[in-house]
Amino acid sequence: MDIKNYSSSHSGFLLLGLSSNPQLQTPLFVIFLIMYLITMVGNVLIILAIHSDSRLHTPMYFFLSNLSFTDICFTTVIVPNMLVNLLSEVKYISYAGCLVQMYFFMALGNTDSYLLASMAIDRLVAICDPFHYDVVMNPRRCLLMLLGSCTISHLHSMLRVLLMSRLSFCASHVIKHFFCDTQPVLKLSCSDTSSSQTVIMTETLAVIVTPFLCILFSYLRIIVTVLKIPSVAGKWKAFSTCGSHLTVVILFYGSIIYVYFRPLSMYSVVKDRVATLTYTVVTPMLNPFIYSLRNKDMQRGLRKLRDTICS
């Protein structure tokens, strides 16, 4: 039987989605709609609380507000299309739409990781060099860190999408995922993907591992500094400022490492869907709770925002 190549300009893909069981479509729609709404409301409240309280106009909360904004965009790239497909019989996405989704997914996801690295640097300076904190983490430097995070992430995403656009796709055009991610799309290609995989793995290592190593180095320095504090109360006070950030880092990077740092031959549809849901849906939803439940400054800002709205 002849294998038909699907022209990039005239074809699209079918997304398999989260489950092929028709009875699960509506319950999954309700669950993820609720999670999406919680993500939107929670992150918008974090942004409004930070901008409405002048005491939260510090580097740490500057990065947190931008992280919340990025999480809103990041989730919006994935979830609305997933919700539509859950209620549709034909879960279609155009070729161009697939590449656009892939571009913004990678760009925003990488921006998240660089913002987490920027927040780790902020905690490093605050704990290890508090007397020079205002000088080192000045507004201009924070803005440059933000712009650098966005620029590197978008350049990485552009290179990845350009590589994907050069591939040919054969008779099978069913993506075994709920969105256009790199690995499941590569599996469909009838081109030789070995060179693309090599470039992708090398470039991904450079882009993703760099902020991860930055976070790792920052926390090693923080741990060494905290251990030198004589009192237990002092140690706890110093390290407690990092607890929320560290929790988000573990959730975010744990699932990313599981999904992306394996050969294509080890790709597992079900396991990867669960891991991908963790950092695309669950982590952005939990971030507002993680950063506000044990953060007295953030709680005060939210109360002030509530009073302003209610007055």
Side-chain angles (χ1 to χ4, degrees), residues 46 50 56-71 74 108-153 156 204-258 260-261 278-279 283-284 286-298:
I46 291 290
I50 290 170
L56 297 179
H57 293 175
T58 63
M60 175 183 174
Y61 294 108
F62 169 76
F63 290 123
L64 177 57
S65 64
N66 281 284
L67 181 70
S68 292
F69 176 74
T70 305
D71 278 344
F74 183 52
L108 294 166
N110 283 316
T111 301
D112 254 5
S113 68
Y114 277 92
L115 286 173
L116 289 171
S118 299
M119 294 171 77
I121 293 171
D122 173 79
R123 293 298 84 205
L124 170 67
V125 178
I127 292 172
C128 300
D129 195 11
F131 296 110
H132 296 95
Y133 179 78
D134 292 334
V135 175
V136 176
M137 300 301 295
N138 60 70
R140 181 175 177 274
R141 186 163 292 167
C142 290
L143 182 59
L144 287 174
M145 290 168 73
L146 173 62
L147 292 175
S149 300
C150 296
T151 302
I152 294 170
S153 300
H156 160 76
T204 300
L205 279 170
V207 173
I208 295 181
V209 171
T210 299
F212 179 72
L213 290 178
C214 181
I215 292 169
L216 190 62
F217 172 77
S218 297
Y219 273 103
L220 288 174
R221 284 283 309 277
I222 288 170
I223 291 169
V224 170
T225 302
V226 169
L227 289 176
K228 292 179 181 178
I229 299 174
S231 67
V232 176
K235 290 177 181 177
W236 174 250
K237 183 179 179 181
F239 200 71
S240 64
T241 62
C242 307
S244 299
H245 178 259
L246 193 57
T247 304
V248 173
V249 166
I250 292 169
L251 279 172
F252 185 80
Y253 274 101
S255 52
I256 283 180
I257 289 169
Y258 177 82
Y260 293 106
F261 290 92
T278 301
Y279 71 87
T283 302
L286 293 179
N287 280 356
F289 298 101
I290 293 170
Y291 279 107
S292 61
L293 287 177
R294 297 183 62 186
N295 188 320
K296 293 180 180 179
D297 293 334
M298 198 69 246

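In what follows, every heavy atom counts, from backbone to side chain, and hydrogens, waters and symmetry copies are set aside. Keep in mind the model is a prediction, meaning the values are calculated, not measured.
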Working to the nearest 0.5 Å, report the span between [atom1] of [X] and [atom2] of [Y].
X	Y	atom1	atom2	value
Thr58	Met137	OG1	CE	9.5 Å
Asn66	Phe69	CG	CZ	8.5 Å
Ser292	Asp297	OG	CG	12.0 Å
Leu56	Phe62	CG	CZ	14.0 Å
Leu67	Leu146	CG	CG	11.0 Å
Ile50	Leu64	CD1	CG	4.0 Å

Query raised in the report: Are any side-chain N or O atoms of Ser149 and backbone N or O atoms of Thr111, one a donor and one an acceptor, separated by less than 3.5 Å?
Result: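 Answer holds: no.
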
So which heavy atom on [X] is nearest to which on [Y], and how close?
X	Y	value
Cys128	Arg221	SG-O, 3.7 Å
Pro284	Phe74	CG-CD2, 4.3 Å
Met298	Tyr61	SD-CE2, 4.0 Å
Arg141	Val136	CD-O, 3.0 Å

Query - Verdict with reasoning, Cys242 to Ile127, per side chain to side chain contact (heavy atoms under 4.5 Å, CB included) - result: CA-CA 10 Å; Cys242 307; Ile127 292 172; 3.5 Å; yes

Query - Pro288: side-chain contact (heavy atoms from CB on, under 4.5 Å) partners, not counting sequence neighbours - result: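 Residues passing side-chain contact (heavy atoms from CB on, under 4.5 Å) with Pro288: Asn43, Ile46.
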
Let me check something: any side-chain donor-acceptor pairs from residues 112-122 under 3.5 Å, sequence neighbours excluded? List them with distances.
residue : atom : partner : partner atom : Å
Ser113  : OG   : Asn110  : O            : 2.7
Tyr114  : OH   : Val207  : O            : 3.0
Ser118  : OG   : Tyr114  : O            : 3.0
Asp122  : OD1  : Tyr133  : OH           : 2.4

Query - Phe252 and Tyr279 aromatic ring geometry - parallel, tilted or perpendicular at 30°/60° bounds - result: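 It falls in the perpendicular class, over 60°.
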
